[in-house]
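Comments concern the structure below.
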Amino acid sequence: MDILSKNLKQSAHKLSLRSNSIFQQDNDLKHTAEIVKLRFLYKYQMRLYTPLQSPDLNVIENLRSKLEISAQKHSIRNKEHLKTVLQEEWAKLTPQQTQTLVNSIPCRLEAVLKSEGHATKY
């Protein structure tokens, strides 16, 4: 809840998302807690409900993969160094990269429907 309240608006603005955008989250336990569900019910009317196992729809997995690949190019010395490297690499992600992933959602949805919920190229 704290992360959403502090970051969602700024992230949406940075990505140039409009007020009619649809919010998506996965089915992680912290996202499905009753208090979070209630907040979304009143605060965010446009939500995308996804199947329990739906990594094909979660664009953050693509960003996580990019970060992992970027981090592997460094000689990580310890946990603090890893944190620094990840923050630096995250800062290098461009709005265009994230916008491309956001724009891929309709294709991802179509692919999941076409595969009847099975794995897709995403």
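If you're wondering where the values come from, they're calculated on a predicted model, not measured in any experiment.
For the residue pair His74/Glu89, the side-chain donor-acceptor check at 3.5 Å is satisfied.
Separation of atoms OG1 (Thr84) and CD1 (Ile76) is listed at 9.0 Å; rounding is to 0.5 Å. Distance check: Leu67 CG to Lys92 NZ gives 10.5 Å after rounding to the nearest 0.5 Å. Rounded to the nearest 0.5 Å, atoms CD (Gln97) and CG (Leu63) are 8.0 Å apart. One finds the NZ atom of Lys83 at 5.5 Å from the CD atom of Glu80 (value rounded to the nearest 0.5 Å). Summarising the geometry, atom CD belonging to Glu110 is positioned 13.0 Å from atom CD1 belonging to Ile105; distances are rounded to the nearest 0.5 Å. With rounding to the nearest 0.5 Å, the separation of CG in Asn103 from CZ in Arg108 is 11.0 Å.
In plain terms, the two heavy atoms of Ser104 and Val59 that are nearest each other are OG-CG1, 4.2 Å. Considering every non-hydrogen atom in both Val85 and Ala71, the closest pair reads CG1-CA, 4.0 Å. For the pair Pro106 and Val102, the tightest heavy-atom approach, listed with the atom from each and the gap, is CD-O, 4.3 Å.
Atom CG of Leu113 has more than 12 neighbouring heavy atoms from other residues, nucleotides or ligands inside a 6.0 Å radius.
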Stepwise, does the side chain to side chain contact (heavy atoms under 4.5 Å, CB included) test hold for Ser65 with Ile69? CA-CA 6 Å; Ser65 177; Ile69 290 166; 4.0 Å; yes

